[in-house]
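Note that the structure is a prediction, hence the values are computed from the model and not measured. Note that ligands are numbered from 1 as they come in the structure, with each ligand's atoms numbered from 1 the same way.
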Amino acid sequence: MLRAEDNELLTRTGPLTGMGQLFRRFWLPVLLSEELPQPDCPPVRLQVMGEKLLAFRDTSNRVGLIEPHCAHRGANLFWGRNEQNGIRCAFHGWKYDFQGRCLEMPTVPKNEAYEKLRGEARLKSYPTQEAGGYVWAYMGPAEHMPPLPEFEFMKLPRANTFVSKKLQQCNWAQACEGALDTAHFSFLHMSVGEDDDDDRAMKIMNQSEAAASGDKNRVRWMKNDGMPRFSITEHEAGLLMGAARTADNDDLYWRLSQFMMPSHALAPSTFPGENYHGQTFVPIDDELCWIYTYTWNPERPLTNMERERFSKGHTVHANVDKNYVPIRNRENDYLIDRDEQKHVSFTGITGVSEQDACVQDSQGFIADRTREMLGPTDLGIVRFRRMILEQTKALLNKGQEPPAAGKPESYMIRAGGTVAHSSKPLAEVMTLRFGNPIGRAQPTPAQH
Ligand code: FES
Ligand SMILES: [Fe+2]
């Protein structure tokens, strides 16, 4: 549980809040590149951590991220013309470039005051970069701007990756905690009944990578052991979280996830050769967030069939409409099928992503953490909160910058699953699975 003031600190991300300042020390994805498909295409309205913004791709393929209201009389530049390396206000034709600089003021006489006025008409803007299929933005102080984090999926050919986004109708922190709470798989994502060979049960289970791989052992181990034992290691980017379940003989089934500052989580399911998955939680405001979701395979391009499945909602990817809103959502009770819940799946809701969204949303728009009863399987969440709150307080009270922001190479890590003898501690299990005690990704042929 958290004290009320810590819950506030954890969940509020506006520009004047502590967590808002911490988040603004990091690059964050703010759009899919495909939302701005070509130079001079229509601009896009967006909101990030409570700030309303406008994004546009200019003639030279640069992405501008600027405050949306024209300096003249405040018309919204969303209605403007995106033309010749700038966006021109629809009201009286003032024009701005991708850094918010005013280029032209056609209603102002070109006398000696013109240039001064033009300088003052500059709009707030944030730097952007494109990588891995996302537009990333840095919204913090210029003097602290770090390099872009080096996620493995951003270094691979696009053929090896699939990226998406989905709306989540709750605060960013409980969505992020849902990804770090790997104990829930034994319940939330399970089939019910004794017979996993039942066609309908397998259909439900196939939405998860473990079952899609055809490895029924993993499903059985998760089903039989709902109380995984957690081992946690702090590293430069964040936290490695190992959850060990009883497997066969003297073995443990390990699900190894990663948290990276400030709001990235890598999924724990992947066995060697399978696809890797990660998610980044970006607050829209304090009651909504975007989840940017990425899948990658370091060894081969993804197949068309895999892309097709992900785009319709599979594992961490949701089935979304053209606005990236999940088809099964808060408003329609996630299209729960109570008969299916009785006989087939634990939730009666189709889709791993949608099952996650349902329970996380159901904690409230902002979960009340003062009334929780945490136990040993919540250790990952406890450590996540401790790390991010400590770093927020250090930034606020001592001016200490979050260390991970300045270490982009520390984001080149993997998460996944493995089976190991019960005598082996986490670091050894990681070395066996990834060749490295914290899961640092080794260069692969595809990267050369
Ligand atoms: S309000 Fe934009 S040019 Fe007048
Ligand atoms: Fe889940």
**Q** Restricting to N/O/S, name the atom of Asp356 that gets closest to the Fe ion (ligand 2).
**A**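 Going through the N, O and S atoms of Asp356 one by one, OD1 ends up nearest to the Fe ion (ligand 2).
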**Q** Which value, rounded to the nearest 0.5 Å, describes the distance between Met139 atom CE and Leu28 atom CG?
**A**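 Answer for the CE-CG pair, Met139 versus Leu28, is 8.0 Å.
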**Q** By atom name, which N, O or S atom of His184 is the nearest to the Fe ion (ligand 2)?
**A**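 When I compare the N, O and S atoms of His184, NE2 is nearest to the Fe ion (ligand 2).
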**Q** For the ring pair Phe151 and Trp296, is the centre-to-centre distance below 6.0 Å?
**A**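 No, the ring of Phe151 stays outside the 6.0 Å limit from the ring of Trp296, centre to centre.
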**Q** Step by step, work out the side chain to side chain contact (heavy atoms under 4.5 Å, CB included) result for Trp290 and Leu31.
**A** CA-CA 9 Å; Trp290 289 116; Leu31 286 175; over 6 Å; no
**Q** Leaving waters out, which protein N, O or S atoms fall under 2.8 Å from atom 4 (Fe) of ligand 1?
**A**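 For atom 4 (Fe) of ligand 1, the protein N, O and S atoms that sit under 2.8 Å away are His72 ND1, His92 ND1.
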**Q** When you measure from the centre of the six-membered ring of Phe434, is the NZ or CZ of Arg414 under 6.0 Å away and within 45° of the axis?
**A**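 Cation-pi check for Arg414 and Phe434: fails.
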**Q** For the residue pair Arg220 and Tyr253, would you count it as a cation-pi contact if the rule is NZ or CZ under 6.0 angstrom from the ring centre and within 45 degrees of the ring axis?
**A**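 Ring-cation test returns no.
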**Q** Can the ring centroids of His72 and Phe91 be said to lie less than 6.0 angstrom from one another?
**A**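 No, too far apart.
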**Q** Cation over ring, Arg245 on Phe185, under 6.0 Å and within 45°?
**A**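 No, Arg245 does not lie over the aromatic ring of Phe185.
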